[in-house]
Protein chains: 2
Amino acid sequence: MAIVDEVVEGDRATLLAPVTGSSGSLHDEILAGLRRYLIEGNLPDGARIPERLLCETMGVSRTPLREALKVLASEGLVELLPNRGARVRAFTENDIRELFEVMGGLEALAGRLACERITDAEIAGVEQMHYDMYASYMRRDLPAYFALNQKIHLAILAAAGNSVLTTTYTNFSSRLQRVRYNANRENHKDRWGEAMREHEQILDALQRRSGLELSDILFRHLQNKRVAALRYLDDHPSEVGDQGQPA
Amino acid sequence: MAIVDEVVEGDRATLLAPVTGSSGSLHDEILAGLRRYLIEGNLPDGARIPERLLCETMGVSRTPLREALKVLASEGLVELLPNRGARVRAFTENDIRELFEVMGGLEALAGRLACERITDAEIAGVEQMHYDMYASYMRRDLPAYFALNQKIHLAILAAAGNSVLTTTYTNFSSRLQRVRYNANRENHKDRWGEAMREHEQILDALQRRSGLELSDILFRHLQNKRVAALRYLDDHPSEVGDQGQPA
DNA sequence: ACCGACCAAAATGCATGCAAAATAGCCTCA
DNA sequence: TGAGGCTATTTTGCATGCATTTTGGTCGGT
């Protein structure tokens, strides 16, 4: 029942480490630690987060912890019920749709800006990653494929040269990460060939620096990911948690 | 020197009201009040925000106030220097460019989604606002023009049917509001005819429900606004505050 | 046995207190 | 006169304490 006992997947689960106190303010360390802990999906949707327990686990007092919770609430990772404490935010299907749509809009923007600013060397880098990713695809090496996939998207994001965009994108990406961890693995296989073809188009538009095209492809790419993710959630309704009221 | 004395424009300035205590948590009221106060541009860029003073002004203790400041920092409205308190965040020209770019991306997304979901009745509403706005343009009634302009953009945003998008857009819009308050007024006159023509295209694409076109027009519309705003800031460098270190 | 009221235990919201860091003022000295 | 260092004051960061609200459990009534 305690937070540290909720660890489910042994492998990726990282304990909610006590704050080191080595550097920076307590508030920042708590914020970063809690955020990482939540993003990694160590707590099921809707789980209560009692202050007292967290205080003991992290070895700090309630004041900085409460500050961190307010920030996490404003980031959309937890929700605060008045006089009733913090809960892990549970995303509905509609929330997930909205998040994917916004992520798609941000990727589209990144693609558009990247086409205006990317250097030939950076394009060459993306090409290299793309071919490596294709090789992973042919090898059916899903983990390598995922890693390169993410690197490509991040490279486009970086080439856009907009730190506000990067921050915002990362923020939304975090919210989806808990869903993605579960949805990506199995599900993507159905869509793998399709996704690979979309990435061919992404590279092509980027090479021609066609911002409008790249923008549109990236947006549709994300929408397809959304459909895949939601289909997975429908088939495996338990995995994201949401152990709401048991019948 | 005190915050309540920094009120500059008499007209739009709203005093930082003491918290009523009528409803909701102190934290939320403080957060909303401070945010509004900052958005309205009542404090110059870079101004220090001493906790003690704010506490006395709003009649609360430091704990909920500090919570609100952390949230405002995560929203990008203030910046917190370790052990040195909170300052009103000063936006560089690069920050403003990035904000306009992201806003443009979000508007483009809103346009795209709106084209998929908007009803005929909603389109009719936008048409009406558009013609009213055109009338304001012909009358050279700038305030009415601005009000309708904003209503149109908000109507498209609402028609997109994505609350995450709405929240995010509103957040960025807040950050720019301080800049916009100053930049819009005079500067827009140069661009007025051009902006009006862009709005003709916006309405046209919306009527044809051409998501790609609307998306592109809205993005360029925002980029043109950015150029105009930055040009204004170059000509009137003092108005946004930034009374950093006096030479 | 089920439902609601009542009471104890715990949790939240906020205020206050204390130590550490930063700032400002002052004095000394070149 | 101006620069540098020392001290007093202020300010921040965090911990703790208290009042209020919620929660869990028990008891009495139907």
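Protein chains get the first letters and strands the later ones, always in sequence-line order, with residue 1 at the start of each.
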> For the pair made of CG in Asp28(A) and P in dG13(D), what is the distance, rounded to whole Å?
Replying inline: 10 Å

> Which is the 5'-most and which the 3'-most nucleotide of DNA chain C that has an atom under 4.0 Å from a heavy atom of chain A?
Replying inline: dA11(C) to dG13(C)

> Is any side-chain N of the basic residue among Arg97(A) and Glu93(A) closer than 4.0 Å to the acidic one's carboxylate O?
Replying inline: no

> Whole Å only: how far is the CG atom of Leu53(B) from the P atom of dT10(D)?
Replying inline: 14 Å

>> Assess whether a salt bridge exists between Arg52(A) and Glu56(A), defined as any Lys/Arg side-chain N lying under 4.0 Å from an Asp/Glu carboxylate O.
In response: no

>> Salt bridge or not between Glu75(A) and Arg175(A)? Use side-chain N to carboxylate O under 4.0 Å.
In response: no

> Taking the nucleotide of DNA chain D with the closest heavy atom to each, which residue, Arg52(A) or His27(A), is nearer the 5' end?
Replying inline: His27(A)

> What residues in residues 80-88 of chain A put a non-hydrogen atom under 4.0 Å from any atom of DNA chain C?
Replying inline: Asn83(A), Gly85(A)

> Hey, are Glu122(A) and Arg117(A) close enough for a salt bridge, meaning a charged N less than 4.0 Å from a carboxylate O?
Replying inline: no

> Going by atom types alone, do Ser174(A) and Asn171(A) pair a side-chain donor with an acceptor below 3.5 Å?
Replying inline: no

>> My understanding is that only residues two or more places apart in sequence, or in another chain, count here; which of them pass salt bridge (Lys or Arg N to Asp or Glu O under 4.0 Å) with Arg62(A)?
In response: Glu51(A)

> If you take all heavy atoms of Val164(A) and Glu98(B), which pair is closest and at what distance?
Replying inline: N-OE1, 3.0 Å

> Going by heavy atoms in the side chains, are Leu38(A) and Asn42(A) under 4.5 Å from each other?
Replying inline: no

> Once you round it to whole Å, what is the distance between C1' of dA19(D) and CG of Leu26(B)?
Replying inline: 14 Å

> Rounded to the nearest Å, what distance is computed from the CG atom of residue Leu65(A) to the P atom of nucleotide dG13(D)?
Replying inline: 17 Å

